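Just so you know, these numbers come straight off a predicted model, no measurement behind them. No hydrogens, no waters, no symmetry mates; every other heavy atom, side chains included, goes into these values. Lettering of chains follows the sequences in order, A, B, ..., and the numbering in each one begins at 1.
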Protein chains: 4
Amino acid sequence: MTQLNPIRRIAISTGGGDAPGLNAVIRAVVLSALQRGWECYGIREGFNGILRPDRFPSDGVYRIDKDQVRGISHLGGTILGTTNHGNPMRFVVRQADGREIEVDRTDDIIHHLRSMEIDALICIGGDGTLTIAHALHQKGRSQGLRVIGVPKTIDNDLDKTYTTFGFDTAVAFATDCIDRLHSTAESHRRIMVVEVMGRYAGWIALHAGMAGSAHAILIPEIAFDVQNVVKKIQSRTQTGRHYSIVVVAEGARAKDGQRYLEEQAQAGGVERLGGIGEELARELERRTGKEARAVVLGHLLRGGSPTSFDRLSALRFGAAAVRALDQGYSGIMVALAFPNVNYVNLEEVAGRMKGVPLDGDTLQTGRDIGICFGD
Amino acid sequence: MTQLNPIRRIAISTGGGDAPGLNAVIRAVVLSALQRGWECYGIREGFNGILRPDRFPSDGVYRIDKDQVRGISHLGGTILGTTNHGNPMRFVVRQADGREIEVDRTDDIIHHLRSMEIDALICIGGDGTLTIAHALHQKGRSQGLRVIGVPKTIDNDLDKTYTTFGFDTAVAFATDCIDRLHSTAESHRRIMVVEVMGRYAGWIALHAGMAGSAHAILIPEIAFDVQNVVKKIQSRTQTGRHYSIVVVAEGARAKDGQRYLEEQAQAGGVERLGGIGEELARELERRTGKEARAVVLGHLLRGGSPTSFDRLSALRFGAAAVRALDQGYSGIMVALAFPNVNYVNLEEVAGRMKGVPLDGDTLQTGRDIGICFGD
Amino acid sequence: MTQLNPIRRIAISTGGGDAPGLNAVIRAVVLSALQRGWECYGIREGFNGILRPDRFPSDGVYRIDKDQVRGISHLGGTILGTTNHGNPMRFVVRQADGREIEVDRTDDIIHHLRSMEIDALICIGGDGTLTIAHALHQKGRSQGLRVIGVPKTIDNDLDKTYTTFGFDTAVAFATDCIDRLHSTAESHRRIMVVEVMGRYAGWIALHAGMAGSAHAILIPEIAFDVQNVVKKIQSRTQTGRHYSIVVVAEGARAKDGQRYLEEQAQAGGVERLGGIGEELARELERRTGKEARAVVLGHLLRGGSPTSFDRLSALRFGAAAVRALDQGYSGIMVALAFPNVNYVNLEEVAGRMKGVPLDGDTLQTGRDIGICFGD
Amino acid sequence: MTQLNPIRRIAISTGGGDAPGLNAVIRAVVLSALQRGWECYGIREGFNGILRPDRFPSDGVYRIDKDQVRGISHLGGTILGTTNHGNPMRFVVRQADGREIEVDRTDDIIHHLRSMEIDALICIGGDGTLTIAHALHQKGRSQGLRVIGVPKTIDNDLDKTYTTFGFDTAVAFATDCIDRLHSTAESHRRIMVVEVMGRYAGWIALHAGMAGSAHAILIPEIAFDVQNVVKKIQSRTQTGRHYSIVVVAEGARAKDGQRYLEEQAQAGGVERLGGIGEELARELERRTGKEARAVVLGHLLRGGSPTSFDRLSALRFGAAAVRALDQGYSGIMVALAFPNVNYVNLEEVAGRMKGVPLDGDTLQTGRDIGICFGD
């Protein structure tokens with residue numbers, strides 16, 4: 001770590017899909033920084049506040065004081081706005097002739113921040129944002145810019161941190177929804193298929209499915225055979241349980257590709273409708289002879305007031321990011337390593353994904369209490 | 001009203017889609033009846049407990065005591081089970097040769113109940129169930145069977161009662177979902193389209209949309225021009241609000257049929273995906289250039305623990321049904337006429353639908369506070 | 001009604017204890033008024049914004065625009081602040097010599113408002129505030145000031161309106177709390193006494209107690225004999241229910257004064273601790289030999305995000321108040337008369353109290369399902 | 001570890017104050033055990049099912065099957081009942097002559113269980129219960145009884161486990177209550193003092209206070225000077241925040257004993273009313289001149305449906321206890337050591353208390369964002 005100048009101004013950016021708790025991170029960053037006598041600036045919509053002067057002619061990077069973070073801990077979303085970047089290292093730019101080209105804008109970002117005499121940047125975001133943060137750190141340190149990452153992922157699929165804010169809120173709401181479906185499913189003797197987020201990792205499906213007493217849970221980490229789900233449903237029917245709840249992560253996949261869909265196509269030539277939840281409902285209906293309905297939770301999981309757990313994690317992340325800066329760090333991400341928050345090098349994080357461990361006790365608990373995982 | 005024998009035994013049936021509060025009605029019926037020294041029987045799954053001996057060989061109609069209704073007021077669903085009838089007066093029967101025919105089974109129901117010495121029947125259900133209840137009353141009174149109806153409709157579209165249990169729970173959950181979507185919509189500058197139940201009446205969309213501060217609400221009672229919604233969204237953008245929430249009842253329809261869908265088909269030849277919510281999201285995306293996402297609440301609105309309002313309404317309905325029997329009534333439906341529960345003749349109810357009144361103060365309030373109704 | 005000038009400016013005041021929904025009323029008033037081209041002003045803390053220049057030197061009455069009412073419908077409290085007045089017609093003033101005298105300040109209020117060219121005032125509050133509103137209307141009409149009242153009472157004890165915003169939220173939260181206490185009471189075989197608001201009327205206790213499946217409910221309208229509650233608890237024990245939930249309104253009173261407290265004093269000389277809830281718990285413990293615990297909900301019932309029902313009622317009240325002004329009314333209160341909002345003369349409202357009717361079907365339902373009311 | 005016979009029958013006991021999640025533990029134990037071909041028995045009310053034949057003549061220890069644990073994961077309380085033991089190693093027995101003596105009943109428990117051919121016991125409880133569990137393990141192993149402990153503490157004060165079920169639910173509800181109080185406190189310019197559980201450890205106060213944006217948090221681990229709280233409130237007033245929320249654990253204590261109470265007594269001779277919350281409210285009122293109100297959450301924190309986090313932890317604990325037995329363990333407690341559940345020797349747990357670490361990052365976060373801890 002090179003000797004750096006004392007910090008006087010910091011900036012904050014939130015990137016990627018929003019997650020409940022972002023505002024609590026921002027509040028903790030701002031209050032912790034102000035208490036150290038630093039000034040705080042917010043960058044609008046990821047880095048658009050800097051890179052899109054067309055969109056933000058004057059206030060793309062703006063001063064944040066105590067008043068602006070008052071009473072925001074319990075609000076969903078982000079007061080800074082956010083945006084989904086594609087390739088994290090490159091930004092698409094439309095040229096005068098109308099053609100779009102990809103250019104590396106990290107130098108522009110660093111230059112803009114340093115021209116405002118901003119000494120440090122706190123980037124709150126997922127894998128893409130943290131990759132950008134790492135690049136900004138590497139290029140920025142010679143120019144006097146320190147960079148700290150704060151992990152954000154509703155899916156809980158970021159490595160090197162036990163969990164992040166937003167995940168508990170998503171699981172809590174998904175569980176509430178599954179709770180709601182039990183009684184209507186039982187009253188109508190239906191199969192309810194609940195599709196939740198989780199493209200690469202099945203954490204939300206696993207935790208909400210278990211907490212909500214689902215009968216089958218399908219996650220990306222375990223290729224499923226739909227016939228195993230059918231067997232589970234049939235064995236329930238035989239013991240007088242005429243309904244079933246199946247939770248499926250959007251990224252769950254069948255063992256042999258999606259063989260049952262081919263069968264289905266041959267059987268009736270039905271076109272594909274919707275995502276995995278809808279597909280699965282129709283297939284289970286076909287194979288069991290029971291009514292099946294799909295419910296897709298999607299965007300509902302991103303919103304809402306963060307749970308107390310997520311608010312606290314978010315406050316701790318935000319305060320830890322400022323503390324790390326105060327201690328002279330750059331290029332690190334704050335992370336939850338119960339019972340404490342610690343620091344991890346950003347280069348160890350980028351591009352790594354944390355799936356549900358197949359030998360973990362949570363999955364084993366699911367098997368012990370009779371949940372079908374499709375394998 | 002002819003003089004009837006004193007009541008010693010009653011039966012209860014729940015028909016149609018389930019609604020939060022059904023169990024509270026059942027509990028109030030059972031406790032009120034037991035206190036009068038009557039015996040209570042539950043009929044499983046609408047009238048399947050009588051009509052489907054294949055499904056319920058022995059316990060299709062079973063004795064209910066205090067223990068079975070303990071602690072059920074706050075549970076969703078119905079402990080009796082339910083079923084959706086098609087034509088309410090007729091039931092499909094599969095004959096020995098495999099052919100299915102429709103027969104009127106009201107005589108079978110009455111005969112079965114009377115053979116068990118059941119003196120009265122309380123039917124809890126929607127328009128279809130209440131029509132059956134009326135028929136059972138007409139045929140049953142000469143055979144010593146009295147019939148009372150209890151209205152049930154999540155959509156709030158039954159006439160002659162101000163509201164019924166289940167509706168407030170559905171509105172409360174839909175409002176909670178809309179609340180959740182505000183922050184994520186704003187953070188991402190998106191249009192969120194929320195599709196709620198309401199095939200013929202827009203009560204849920206109207207109440208939840210207004211309570212949840214939606215910017216446009218589309219209901220079956222008001223044919224909409226999608227361009228008016230577009231204008232509303234654009235005027236919000238011009239004043240710096242870069243997101244919008246549109247609530248749409250599943251039965252909402254565009255003014256000129258679905259003309260914008262034809263345009264869409266001409267423009268890109270895109271196939272139809274999903275219901276009105278998905279359609280509308282894609283159309284708004286096309287016309288405004290903003291990202292739009294659809295969320296379909298569907299079955300989530302049927303489940304869950306009833307709100308305190310619905311639990312109380314349900315208890316009052318159940319107790320009133322027993323009171324009506326005790327007072328010698330038959331052929332009536334209990335109804336909420338604030339501040340009291342009163343009785344309405346079943347023949348006045350069947351086949352009538354209560355839509356949102358176009359001259360009511362709720363709709364006017366919506367217009368006064370700037371909500372777009374698409375007209 | 002005399003012919004009045006067209007309205008150009010209105011002011012809003014919120015008085016008395018706060019209630020969830022106040023902000024939704026304010027939002028509907030402001031949006032409805034702005035849409036008519038009127039200007040809106042808010043008066044801080046009841047009428048302190050006018051009467052206490054020491055406290056509000058410059059901004060006691062301030063302009064409210066669209067931005068200030070954005071996203072406030074779901075917030076508890078009131079953005080205007082509030083205050084509890086004693087005698088509604090008189091305000092205590094401290095003189096230069098230190099003595100405090102009571103003076104009638106209605107003329108000062110009218111003069112202040114008219115000097116700002118404010119043509120109409122919307123007063124949102126309970127019995128005290130509505131009495132002030134009536135006085136302001138009587139004195140103000142000759143000076144060009146119209147006055148509309150909006151009823152506010154968490155206790156639901158205002159006459160001439162079926163209900164107001166805030167009550168449903170209080171009942172919902174109290175019900176949630178009672179739900180929570182069932183399991184812990186049962187696990188420990190305890191009596192739980194839940195004290196809720198309701199000094200003169202038992203609406204909250206009755207509705208929450210019934211929705212929450214309480215076993216005894218004590219309200220101001222029915223003097224209770226504690227021995228009847230003891231009998232109820234003992235009869236439950238005899239049928240194997242070893243716990244009981246008793247809901248008591250703060251204003252509930254024993255039949256013979258508080259005779260059981262005297263007995264208690266004689267028995268053990270225990271000093272009085274806390275309110276009716278604590279007293280009752282100790283007395284029930286003494287008489288039944290079971291452990292009893294008291295929980296006082298108090299201020300928790302005032303706070304929180306309003307339920308969807310209360311948000312909608314509040315919006316309707318706010319819009320109706322502006323509509324009434326637009327139609328030329330003054331001296332009236334808007335009121336909920338399902339299914340519509342109507343107008344009631346303020347003089348018919350002031351000083352009248354709406355208790356739980358002893359012959360209403362809600363109370364009868366409670367008796368039918370076996371709840372003990374102490375009589 | 002001595003070689004033990006294979007397990008065929010196990011028993012479950014729940015002791016001490018109830019906590020949301022107990023039923024999920026029981027469900028996981030039963031389902032996991034049944035899947036291994038074991039039989040399950042429940043002991044009623046701690047060990048009363050064995051030690052109090054007067055209370056439970058026949059069914060003090062009863063068979064539990066799949067049906068009895070169906071749908072109980074989301075229920076508060078414990079289906080087994082519970083009881084608070086005093087000295088954990090001794091039980092009070094009333095003799096024939098009416099005198100009460102304390103006797104060690106561990107031998108009786110072991111003998112009773114072995115006479116029923118029960119091979120293992122799972123004890124779910126707090127410090128007292130786990131101490132009993134350890135004694136039963138030590139005496140029982142020579143008699144063929146294995147013992148596993150499952151930690152239960154709402155206060156989160158058990159050592160050697162990061163957390164247990166129930167705590168998250170308590171924090172979530174306390175946070176919800178604090179959220180509710182902000183708006184009413186602000187509208188009335190009041191100080192609200194919220195008293196929460198935590199006799200020896202301030203975890204609930206700390207986590208809920210931070211998540212709920214309290215302005216001061218007083219915990220047993222940090223002796224407070226009430227004047228520091230007064231200063232915090234006054235500094236808020238000076239910046240225009242006219243209300244404050246103070247969260248206090250029931251076990252919090254002032255630095256110099258309770259000196260301010262003496263002052264108070266001298267000042268006005270007021271008697272002591274209620275616990276620390278009430279005391280503090282009156283003292284803050286006296287010192288700041290602002291209105292202050294106390295709210296005591298108490299028993300409300302024990303009840304309610306467990307959060308998804310607590311349900312999952314509880315399921316994992318229950319399944320891990322059975323897994324430990326299957327692996328041949330006895331004398332251990334299952335514990336949460338993120339991300340896994342591990343085992344800890346019971347002798348390392350008993351009598352140890354886990355307070356909030358004064359050097360932890362959570363407390364530091366609180367200080368960084370400006371919360372007053374009274375020191």
(message) Is there a side-chain contact between A:His299 and B:Arg180 in this structure, where contact means two heavy atoms from C-beta onward sitting under 4.5 Å apart?
(response) no
(message) For A:Asp176, which atoms come within 4.5 Å of any heavy atom of chain B: side chain, backbone, both, or neither?
(response) side chain
(request) Check for a donor-acceptor pair, side chain of A:His188 on one end and backbone N or O of B:Asp18 on the other, with a separation under 3.5 Å. (result) yes
(request) Find the distance between OG1 (A:Thr78) and CD (B:Glu186) and round it off to the nearest 0.5 Å. (result) 9.5 Å
(message) Under a 4.5 Å cutoff for heavy-atom pairs, which residue among B:Arg190, B:Met192, B:Arg189, B:His242 has the most contacts with chain A?
(response) B:Arg189
(message) Shorter than 4.5 Å, heavy atoms on both sides: which option in A:His182, A:Arg55, A:Arg302 has the most such pairs with chain B?
(response) A:Arg55
(request) Sequence neighbours left out, what passes side chain to side chain contact (heavy atoms under 4.5 Å, CB included) with B:Ser244? Give chain and number order. (result) B:His215, B:Ile233, B:Arg236
(message) Take a 6.0 Å sphere around CZ of B:Arg199 and say whether it holds more than 12 heavy atoms from other residues, nucleotides or ligands.
(response) no
(message) Can you confirm whether A:Leu300 sits close enough to B:Leu297 that some side-chain heavy atom of one is under 4.5 Å from a side-chain heavy atom of the other?
(response) yes
(message) If you compare all heavy atoms of A:Gly77 against all heavy atoms of B:Ser187, which two are closest, and at what distance to 0.1 Å?
(response) CA-OG, 3.2 Å
(message) So which atom in A:Gly304 and which in B:Ser183 form the shortest heavy-atom distance, rounded to 0.1 Å?
(response) N-OG, 4.1 Å
